[in-house]
Structure formats: C-alpha cells, structure tokens
Amino acid sequence: MLNFVESVGEAVAGIKDGSTVMIGGFGNAGQPFELIDALMDCGATDLTVVNNNAGQGDQGLALLIKEGRVKKMICSFPRQSDSWHFDTRFRAGEIELELVPQGNLAERIRAAGAGIGGFFTPTGYGTMLAEGKETRILDGRGQVFETPIHADVALIKALKADGKGNLVYRKTARNFGPIMAAAAKHTVVQVSEIVPTGCLDPEIIVTPGIYVNSIVKVA
Amino acid sequence: MLNFVESVGEAVAGIKDGSTVMIGGFGNAGQPFELIDALMDCGATDLTVVNNNAGQGDQGLALLIKEGRVKKMICSFPRQSDSWHFDTRFRAGEIELELVPQGNLAERIRAAGAGIGGFFTPTGYGTMLAEGKETRILDGRGQVFETPIHADVALIKALKADGKGNLVYRKTARNFGPIMAAAAKHTVVQVSEIVPTGCLDPEIIVTPGIYVNSIVKVA
Amino acid sequence: MSVQSSNQTELRGPIQSSDKPLGRDDLARLVARDIKPGSFVNLGIGQPTLVSNYLEPEQNITLHTENGMLGMGPEATGEQIDGDLINAGKIPVTELPGASYFHHADSFAIMRGGHLDICVLGAFQVSATGDLANWHTGAPDAIPAVGGAMDLATGAKDVFVMMTLLTREGVSKLVETCTYPLTGIGCVTRVYTDKAVFLTGPDGVQVRETFGCTLAELQAMVPVPLKAAAAVGS
Amino acid sequence: MSVQSSNQTELRGPIQSSDKPLGRDDLARLVARDIKPGSFVNLGIGQPTLVSNYLEPEQNITLHTENGMLGMGPEATGEQIDGDLINAGKIPVTELPGASYFHHADSFAIMRGGHLDICVLGAFQVSATGDLANWHTGAPDAIPAVGGAMDLATGAKDVFVMMTLLTREGVSKLVETCTYPLTGIGCVTRVYTDKAVFLTGPDGVQVRETFGCTLAELQAMVPVPLKAAAAVGS
C-alpha cells in the first residue's frame with residue numbers, strides 16, 4: 001500500500017534493528033540525505049547497508065557508520081578521499097565489507113526485484129572477488145554465479161511523484177533508485193515535488209507506483 | 001555504426017540465409033510490418049525467428065512461415081485463431097518450435113543484451129517446458145536454468161528516432177522493441193518520424209542509439 | 001488457523017451463501033469484491049477479464065497487462081480504439097490516469113518479482129495442493145501455447161482461479177493430482193467456481209462457501225477431502 | 001597477421017615515431033586519434049579522462065559514464081555545475097545534444113553486454129596476454145574498492161590501457177604475469193605508454209611504435225618478448 005507521509009521521521013519509523021537497507025545515490029547525486037538523517041535519528045542499528053559507496057565526509061551514511069549503526073556494508077567503492085569514518089571502522093575490524101563489482105551490484109539488485117534466483121556473469125571471473133564462488137564456462141567465457149540482493153527497506157530520492165506513486169528522476173541522480181525500489185520489501189522515496197495523478201506522461205515514468213510504499217516531500 | 005536508409009529493402013539487405021531474426025511486436029502492436037515485408041522480398045531463408053507469436057492471418061510473419069522461409073520459431077504463443085500457416089507447417093513437421101514462457105522469453109532476450117550467461121527462474125519449474133533443463137533450489141524455490149537468446153538481426157518498430165538513433169515508442173507497442181534492440185548484433189528500426197538530434201528529452205529516451213544500426217522512416 | 005495470505009478480505013462464515021450455482025457474472029462480482037483495496041492485479045484472458053466489470057473505483061485497484069502497462073482501463077470502444085493500446089488478449093483497451101508503460105522484460109519483472117498482489121486465471125484443473133494446469137490439454141495434435149501463464153502462476157503473491165467446478169462431462173476439475181500438463185506447482189491459493197469457493201494450500205482444501213449445494217453434496221462431486229473453512233474470528 | 005579488433009585505425013609502420021617519451025597530453029591525443037569515428041567509449045577515472053580533451057567533433061564519439069548516461073559532454077564550469085549531473089569520478093559534467101539517461105542496471109548492461117566499442121583504463125600492471133590489474137594494490141592495510149573496473153574490463157569490445165611504462169622505481173608495468181590482484185583476464189587489447197604502444201593478445205606482445213627509444217632499448221626495459229607489429233599492408 002502507498003502512503004504519503006508528512007515527515008521523513010514518519011517515513012523511516014518502521015525500520016527495525018538488523019534490517020537490510022538499500023540507500024540510493026552515486027556520490028551525492030540521488031542520495032536521499034534527509035531520509036538518511038531520519039534513519040540516524042530513529043535509532044535503528046545493526047544494519048546491513050547497500051550503497052555504491054561507504055559514506056563521504058561527515059554526513060549521511062558516513063555518520064551512520066561513525067556511530068556504529070552499520071554492521072555490514074555491501075558496496076563497490078568504499079575507498080574515497082573523505083571516507084574516513086568507514087576507513088576507521090574497517091581497519092578496526094568493526095564493520096564487515098562485502099565488496100561487489102559495481103555492475104554485479106546493480107545486476108544483483110535488479111535480479112532481486114525481477115525474481116531471478118541467480119545468474120552467471122563474466123565480471124570478476126578469475127579475480128579475488130570471485131574466490132569461493134561457483135564458476136562455469138558459458139558462451140565460451142568463464143563466468144561467475146551471483147545471487148540476488150534483497151532488502152527490507154530502500155531509501156531513495158526522485159524528482160517527482162504522482163498520486164499513484166509513479167516516479168521520475170533527474171539526470172544522473174536516477175542511478176540506483178529504480179532497481180532498489182523494485183528490490184526492497186518496503187520502498188521509501190523522498191521527492192522534490194508531488195503532482196496530481198495524471199500529470200506525469202505514462203510514457204516517461206521510470207518507476208511505476210507498484211514499487212513504492214511511502215513518499216515524503218522534502219523541501 | 002548508425003545508418004539512416006531510404007527504403008525498407010535497403011534496411012534488411014544484409015540479412016543472410018540461416019540468420020536468427022528477432023521481430024518485435026505483441027499481436028499487431030509494435031509489429032514492424034513493412035520490415036517483415038521487406039524481409040519476405042529479400043529472399044533470405046532458413047531463418048530462426050524470435051517473436052512472441054507465430055504469425056497471424058495472411059500477412060507479415062505468417063507469410064514468411066507460409067513460404068517456408070522459417071525453419072524454427074522461438075515464441076511463447078503460437079496458437080491463435082488465425083495462425084493457420086504456422087499450424088499447417090507445424091502439424092506437417094516442417095517447422096521447429098521452441099516454446100518459451102513469455103517471461104522467460106523476455107528475460108532471455110534481456111540477458112543476451114546485458115551480457116548475462118544464464119539465470120535461474122522459478123517460471124516453468126516442474127512443468128514439461130523445463131524437462132531436460134538444469135534445476136536447483138534457490139531462495140527456497142525450485143528454479144530452472146535458462147540461457148540468453150542472441151540474434152543476428154532485430155527488426156523493430158518505434159515511434160520516433162533522433163539523429164543519434166535514440167528511440168521512443170508508443171503505448172503498448174513498446175513491448176519487445178527495447179530488449180530485442182539490445183540483444184541483436186544488428187538492429188533495424190522502422191519509425192514514424194525522424195527528429196533532429198536534441199529534440200528528444202534525454203530523460204525520456206527508451207532505447208539509446210548505441211543499440212541501433214539502421215533506421216528507416218515508414219509512412 | 002491460517003491458510004491464507006494477506007490479500008483475502010475475510011473468511012465468510014455461512015457455508016451456503018447462495019441457493020443456486022453462481023453464473024459467470026455473479027462469480028466475477030464475488031472475486032472483484034474479494035480483492036483488497038489498493039491491490040495490483042492481473043486478470044487473465046477469458047473469464048477472469050469479467051472481474052474488471054465489477055471493480056469499484058473506491059477499491060483503487062490497478063490493473064497490469066503483461067504486454068507492458070499498469071493502469072489499464074476498460075475495453076476501448078469506437079473512437080477510443082488505438083492499435084498501439086491493447087491488452088494481453090490483444091483487445092483494444094484504454095488508459096487510466098496514473099498509468100505507465102514499460103517494455104516486456106520490465107513488465108515480466110513486475111510479475112516474476114512477486115510485485116502483483118493477485119492474478120486471476122482460468123484453469124483446466126487445480127490440485128488439492130494448489131498445482132495449476134491451464135495452458136495445454138496435452139492432446140497429441142494440439143499446438144502448445146503458454147504465453148505468460150507460467151510467469152503469472154509462479155510470480156503473483158496470490159493466484160485465484162476462476163472455473164466451472166465440473167467439466168461438461170461432469171468430472172471435477174478440482175483433483176487430487178493434475179492429469180493435464182502443469183502450469184505451476186502449489187501456486188493456487190483460491191479457487192472460485194460456480195458451486196463453491198475453495199482455499200487451497202499445503203494443508204489441503206477448505207471450502208469457504210457453497211452455492212446451491214451443501215458441503216456434503218459438494219464433497220460427493222469432488223474427489224479430494226474437503227473441510228469447512230473457519231469463519232473469521234472463530 | 002592480425003591481432004587487432006575492428007576498432008584500431010591502422011598499424012603505423014615506422015617503429016620510432018617520436019624522439020622522446022610522450023607526455024600525458026601527447027599520449028591522450030594519440031589515443032583520441034586512434035578511436036574510430038562513431039565509437040561509443042567509456043573513459044576511466046584519472047589519466048584516461050584526458051582523452052576527452054582531444055576528441056574532434058568530426059569523430060562523432062559518444063561518451064558513456066557508468067552512473068547512467070550516454071552523450072556526456074565536457075566538465076561543467078561555473079553556472080553549468082549541477083549536482084545531479086556528474087561522471088563516474090563524481091565530477092560535474094555537461095550533457096550534449098542526443099544524450100540519454102538510464103538507471104544503473106541498464107547502464108551496466110551497456111557495458112557488460114559488449115556494446116561499448118572501447119574503454120580506456122589506467123593500470124598498475126598489464127600482462128603479456130592482456131590480463132589487467134588496476135583496482136587493488138593487494139597491500140594488507142589497503143581499503144579495497146573496485147567500482148566499475150571489472151565490468152569495463154570484461155565488457156568492452158576493446159580495452160585500451162594508458163599508463164607509464166615504468167614505476168617510479170623503474171620497474172616495468174608490462175609483465176609476464178600480474179602480481180597485483182587481477183581486474184580481468186586477457187581483456188586488454190592495447191597499451192599506451194610514454195615509451196611505446198603495445199598490442200596485447202593471446203599471441204603475445206607486439207610494439208606498434210616507440211617514443212624516444214628503439215625497439216631494442218624498449219626490450220631491455222620490459223621482461224616480456226616483444227616483436228614489431230606489421231605495418232598496414234605489409
């Protein structure tokens with residue numbers, strides 16, 4: 001069921017300790033900062049977080065990590081010049097890291113939303129990121145078996161929603177939003193604008209409302 | 001490389017005997033009738049055709065089948081009230097049929113375009129369409145291993161193309177077009193309109209020009 | 001006692017809720033009433049399509065069609081007919097406000113990813129454990145055609161079947177084990193027939209209500225053990 | 001003799017085409033010149049990004065960025081800067097006419113499905129058979145981070161590497177077998193360095209041209225057997 005909620009606090013209120021939470025965004029583009037701040041405030045801990053990165057600077061995901069609320073990161077690129085909070089926790093052995101090639105990350109998230117139980121991909125074949133994984137030769141190429149990444153909750157950012165929860169995004173801020181919305185049991189979206197149903201051209205909708213549970217407008 | 005050609009004949013001229021040809025459309029919506037007619041005229045034979053259906057009435061794909069140009073159909077729904085040409089050839093043992101659940105058909109085509117070597121899906125598990133296929137239990141469900149469907153050529157229909165070959169479609173005529181464009185080595189598109197580059201909003205493009213090789217405008 | 005998923009509305013108590021078998025339209029009305037408000041639903045070709053005639057606007061049901069659309073409206077008539085806007089049965093339809101279009105892989109991802117609340121399908125046979133046979137008679141000269149049936153059967157959260165309980169020859173279509181080729185295993189959660197509504201699942205078959213027959217008379221027609229479903233709150 | 005894919009322009013004959021090693025910009029200019037008109041190209045973070053400065057409009061090259069865009073334009077400056085429009089290095093960029101946006105799975109499908117003609121990547125090491133190591137030093141205290149490197153390495157039709165031939169310590173980065181953790185196996189088709197351009201493949205390493213050294217001098221720096229590439233038409 002779709003709900004329009006009044007505050008980011010209400011939007012994330014159902015997130016429980018131990019949840020797997022997907023967080024949209026690539027760098028700052030598409031990152032739902034307000035929802036992450038609300039997740040910080042709601043107190044949920046022991047989280048597994050799926051994001052391309054592992055936080056930057058002293059905001060958003062980086063703060064969640066700093067405060068010890070994340071037990072495991074599933075990401076492709078945790079190392080950045082300003083990822084010091086992750087670095088500290090990781091070097092201290094206080095956070096688990098599942099490092100995933102970015103395309104496998106995207107495809108595994110997509111697989112979860114699309115009901116695919118697993119797939120073979122050439123990416124990573126013969127590398128340390130495929131160690132211990134099943135492999136086989138398909139189409140003449142070595143390939144690695146990868147499994148879907150499901151989540152309890154997705155926190156994403158879109159440009160506009162209509163009354164049915166249909167979403168459109170803006171430029172490269174689209175990134176992980178559409179596939180995370182489909183992969184999570186419960187999808188929370190922060191948008192810049194809510195428009196009446198019928199105001200979004202059906203041809204240009206990127207995420208149909210079937211994937212959306214809670215929408216909150218953020219100034 | 002992208003080419004804008006003047007005639008449907010020119011658009012299909014490179015199709016060789018024995019090719020695997022994907023043809024877009026679901027029923028008549030999105031079916032590239034003019035390109036199919038040109039394929040008929042160009043004489044290529046011994047074709048494997050991938051389409052949701054196996055021709056209707058006395059036009060398009062049905063005529064290709066009638067004339068004995070199709071050695072194998074890969075489709076989900078060959079049986080229709082007016083699929084008499086397929087019926088006749090099939091009952092006479094003159095055409096091979098690979099019957100694929102429609103979702104597996106779509107996902108296998110998508111896999112080819114996305115570089116996936118194979119995937120597991122619950123669809124078809126325990127049915128005669130999974131006989132002889134590898135199965136395993138994943139996420140607590142019986143699943144069947146399915147492989148990508150590649151093609152030499154895709155013939156599809158879109159609404160508009162710009163100078164870069166970017167495409168938009170119209171309503172449910174979109175159907176198989178975008179995934180077939182990505183799965184074929186050579187994609188031929190018939191469009192109703194060609195607009196100057198820059199006239200399609202980058203947010204609404206469904207098929208980026210990277211997937212398109214030949215475009216022909218059809219009145 | 002719990003055999004149902006979240007999309008049922010209630011288990012009605014009185015076991016015989018009509019004094020005669022239900023016609024196709026009455027059955028469609030019953031299915032429509034049982035769909036929880038806000039649901040996303042796919043209605044199969046044939047008898048299930050009738051359900052759309054009885055959905056109330058207040059229910060806020062969104063219809064999916066596997067050829068690439070959410071928010072499908074009623075069948076198109078006259079000037080509305082547009083060859084680019086059809087349903088899975090290739091019938092011209094209309095578009096409701098809030099509709100969206102997508103390609104076939106995205107459309108089947110909606111089905112296969114478990115996002116549809118309910119699909120309503122016709123059937124040749126349903127087994128006591130919810131196996132479904134609805135795509136192929138298995139006759140040697142039949143042209144096999146499956147379409148999206150297997151994806152719907154395995155993908156939707158709830159699979160409702162609509163069918164007559166008996167064949168023209170008077171044989172029950174609710175069976176111990178399907179003899180027709182299967183569409184999916186253990187996927188059907190509810191069977192709406194002219195004579196009764198059945199709840200199917202791993203624990204066997206329960207009868208929610210009967211139409212024009214008693215539970216005992218129904219049991220005489222059906223070769224699988226039946227028990228009455230508990231009413232809500234009991 | 002054929003070791004190259006369809007995306008090279010030519011095998012230049014004169015083996016020493018410059019009397020001194022090439023600087024980073026000269027090398028970027030050379031790579032840009034070698035990209036076939038109409039190609040779809042992904043330029044990796046760092047040195048490969050320089051190539052975009054030397055692409056000519058007549059070449060009609062379309063740049064892909066893995067965070068969801070085709071038709072990426074030059075780096076944004078001043079008023080152009082838009083936080084929603086960045087490249088894979090998280091630098092604000094611009095949009096060219098004919099651009100398109102898509103989500104991450106669709107973007108990586110472009111890469112992984114073999115649709116990019118060329119990707120240009122930096123490297124720690126390249127082996128004689130085209131193995132690539134460019135994501136991880138393997139140092140025990142390093143935070144590992146892979147991003148899209150493995151997808152690019154295995155997905156693009158041609159993988160060009162740009163790097164200095166020698167480390168600061170004077171050790172060749174072109175090696176018999178990579179000692180750093182691999183990014184991909186047998187994927188590199190061409191290596192552009194300050195001292196030479198190498199063609200790599202299953203048949204070993206050929207030298208297309210040298211800069212500031214002879215083939216013999218180059219061989220002395222590199223621990224794998226080198227041979228001169230045939231000129232076009234020879």
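Every chain is numbered from 1 and lettered A, B, ... according to where its sequence line falls, protein lines coming before strand lines. Computed over heavy atoms, backbone and side chain alike; hydrogens, waters and symmetry mates excluded.
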S.K.: Shortest non-hydrogen contact from A:N166 to C:A99?
M.R.: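 Distance-wise, the nearest heavy atoms are ND2-O, 4.4 Å.
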
S.K.: Is C:H64 close to A:I210 at the side-chain level, that is, under 4.5 Å between some pair of heavy atoms?
M.R.: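 They are not in contact (no side-chain heavy atoms under 4.5 Å apart), so the answer is no.
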
S.K.: Would the number of heavy atoms belonging to other residues, nucleotides or ligands and lying under 6.0 Å from NZ of A:K217 be above 12?
M.R.: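 Incorrect, the count does not exceed 12.
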
S.K.: Could you have a look at A:G165, A:A114, A:P208 and say which one has the most heavy-atom pairs with chain C under 4.5 angstrom?
M.R.: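 Option with the greatest count: A:A114.
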
S.K.: How close do C:E95 and A:P202 get, heavy atom to heavy atom, and via which atoms?
M.R.: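 Looks like OE2-CG, 3.4 Å.
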
S.K.: Could you walk me through whether A:K164 and C:L70 satisfy the side chain to side chain contact (heavy atoms under 4.5 Å, CB included) test, starting with their C-alpha distance in whole Å, then the side-chain angles of each, then the deciding distance to 0.1 Å, before giving a yes or no?
M.R.: CA-CA 11 Å; A:K164 288 275 191 185; C:L70 274 163; over 6 Å; no

S.K.: Assess whether atom NZ of A:K71 is packed by more than 12 heavy atoms of other residues, nucleotides or ligands within 6.0 Å.
M.R.: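 More than 12 heavy atoms, drawn from other residues, nucleotides or ligands, come within 6.0 Å of this atom.
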
S.K.: Give me the atom names and distance for the closest heavy-atom approach of A:G198 to C:P97.
M.R.: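 For A:G198 and C:P97, the tightest heavy-atom pair comes out as CA-CB, 4.2 Å.
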
S.K.: Does A:K16, at its NZ atom, have more than 12 non-hydrogen atoms belonging to other residues, nucleotides or ligands within less than 6.0 Å?
M.R.: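 Not more than 12 within 6.0 Å, no.
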
S.K.: To check you understand the geometry: which heavy-atom pair defines the closest contact between C:I110 and A:Y211, and what is its length?
M.R.: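 Result for this residue pair: CG1-OH, 3.1 Å.
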
S.K.: If you measure from CD1 on A:I204 to OG on C:S100, what distance do you get to the nearest 0.5 Å?
M.R.: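 The CD1 atom of A:I204 sits 11.5 Å away from the OG atom of C:S100.
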
S.K.: Answer with side chain, backbone, both or neither: which region of A:L2 has an atom nearer than 4.5 Å to a non-hydrogen atom of chain C?
M.R.: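 Contact with chain C: none, neither part.
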
S.K.: Give the member of A:A111, A:A182, A:P148 that has the highest number of heavy-atom pairs under 4.5 Å with chain C.
M.R.: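 Top count of heavy-atom pairs under 4.5 Å with chain C: A:A182.
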
